[in-house]
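The block underneath contains the structure these notes are about, expressed in structure tokens.
One-based numbering, in listed order, for ligands and for the atoms of each.
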Amino acid sequence: MEVRILGAHQSDAIDQHFTTIVVDATLAIDAGSISSALTREEQLRVRDILLTHQHWDHVKDLAGFGFNLMGAGATAAIYCTDQVQQVIRTTLLNSQYWIDFFAGPNPNHPVFVPRRVEPGIEIAVGAYRVVPIPVNHSVPTLGYQLTDPSGHKLYYTGDNGPGCGEFWSAAQPDVLITECTFSNVEADVAAQHGHLCPIFLQESLEVYRARQGYIPRVILVHVNPLHEERIQLEVDEVARRLHAAIEIGRENMLLTV
Ligand SMILES: [Zn+2]
Ligand SMILES: [Zn+2]
């Protein structure tokens, strides 16, 4: 599968976008930059969006994406828990504020088709088998392992904090995309908010390797630009210690899984 990272940062700027991953141009995971980092034509090719959790940096572009689909008479399936759908519909897509694309604007033909996901229950999304895997974050969060028809596996964890290696062990990916929001200097803040810094990443990968016997290729996103230089140095050190391939992702990075 061809994986394109639209946003690799905990930042929203002309050259840095919130986390969103697009697979084979048609399936997206999270929607922090699904409209701001894609052309309108590219947006209309996206048929399915999997949401990890309701935090604004992961869903905010649903408002613009839905609007563009509406104009084109198109629809998209939105995969999330009932709780995430409820939060989005009462905040971002509240009809006092914008348009509830789950209900309209034409009630007979809403723009967003809701699809419920539940932890550990495998579903088919287009050509992919998808397993939602819960992780530890400040709100309930599901990562997703995608398996394509030829058996290649991508696992994107969503936001998660120290101790997540136990949760990752439910997956066996070729490529692991996870977050590294802070540097080790901010380890306390990272732990408090359910995020990773390089030392927590190392601990989690060690737990993963003990369970699964290997460390997949690792790509890090959700990087806070204020700490990126230090994160890079610390991640390089973790990669050396673990003899693992660990890279910081970047906007428009393309991966073949
Ligand atoms: Zn979050
Ligand atoms: Zn986030």
Side-chain angles (χ1 to χ4, degrees), residues 3-13 15-23 28-38 49-65 78-93 117 119 132-145 154-168 171 176-184 186-198 200-201 204 218-228 231 235 248-253:
V3 179
R4 179 176 170 192
I5 295 177
L6 299 186
H9 286 88
Q10 196 189 39
S11 170
D12 190 20
D15 56 346
Q16 295 176 335
H17 297 293
F18 286 141
T19 305
T20 299
I21 291 157
V22 175
V23 177
I29 314 180
D30 280 340
S33 48
I34 192 76
S35 61
S36 51
L38 288 181
I49 300 184
L50 308 170
L51 300 176
T52 60
H53 64 306
Q54 70 269 21
H55 279 157
W56 191 75
D57 55 325
H58 299 256
V59 302
K60 63 116 176 152
D61 271 8
L62 287 175
F65 174 73
I78 309 293
Y79 293 78
C80 61
T81 62
D82 288 345
Q83 189 226 351
V84 168
Q85 188 198 139
Q86 193 254 339
V87 171
I88 296 168
R89 295 181 67 178
T90 53
T91 56
L92 184 71
L93 303 182
V117 296
I133 300 172
V135 287
N136 53 334
H137 185 41
S138 56
V139 297
T141 298
L142 293 174
Y144 295 99
Q145 176 170 267
L154 168 73
Y155 174 37
Y156 166 53
T157 68
D159 291 358
N160 52 192
C164 52
E166 294 286 348
F167 299 92
W168 296 353
L176 165 70
I177 301 180
T178 190
E179 64 137 291
C180 191
T181 308
F182 294 103
S183 81
N184 292 336
E186 294 85 27
D188 288 350
V189 185
Q192 188 186 340
H193 295 283
H195 288 299
L196 292 180
C197 61
F200 296 149
L201 172 72
S204 302
V218 178
I219 311 290
L220 302 172
V221 296
H222 207 271
V223 173
N224 187 311
L226 296 174
H227 311 300
E228 185 159 1
I231 291 170
V235 164
I248 294 187
R250 60 180 187 279
E251 277 65 23
N252 245 336
M253 185 178 194

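- Looking at heavy atoms from C-beta onward, Asn160 lies out of side-chain contact with Thr141 at the 4.5 angstrom threshold.
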Checking ring pair (Phe, Tyr, Trp, His ring centres under 6.0 Å) for the pair His195/His137: CA distance, chi angles, key distance, verdict?
CA-CA 7 Å; His195 288 299; His137 185 41; 4.9 Å; yes

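- Shortest distance from the Zn ion (ligand 2) to Asp57 is reached at OD2 (N/O/S atoms only).
- Side-chain contact between Leu50 and Tyr156 is absent, with no heavy-atom pair separated by less than 4.5 Å.
- Backbone or side-chain N, O or S atoms of His53 do not reach the Zn ion (ligand 2) at under 2.8 Å.
- The Zn ion (ligand 1) is the vertex of the angle joining OD2 of Asp159 and ND1 of His55, which measures 160° to the nearest 10°.
- The closest approach of His137 to the Zn ion (ligand 1), by N/O/S atoms, is made by NE2.
- Here the closest heavy-atom approach between residue Ala63 and residue Leu93 is recorded as CA-CD2, 4.2 Å.
- Asn224 pairs in a side-chain hydrogen bond (donor to acceptor under 3.5 Å, both in side chains) with only one of the listed residues (Glu179, Gln10, Glu186), which is Gln10.
- Computed with the Zn ion (ligand 2) at the centre, the His222 NE2 to His58 NE2 angle is 110°, stated to 10 degrees.
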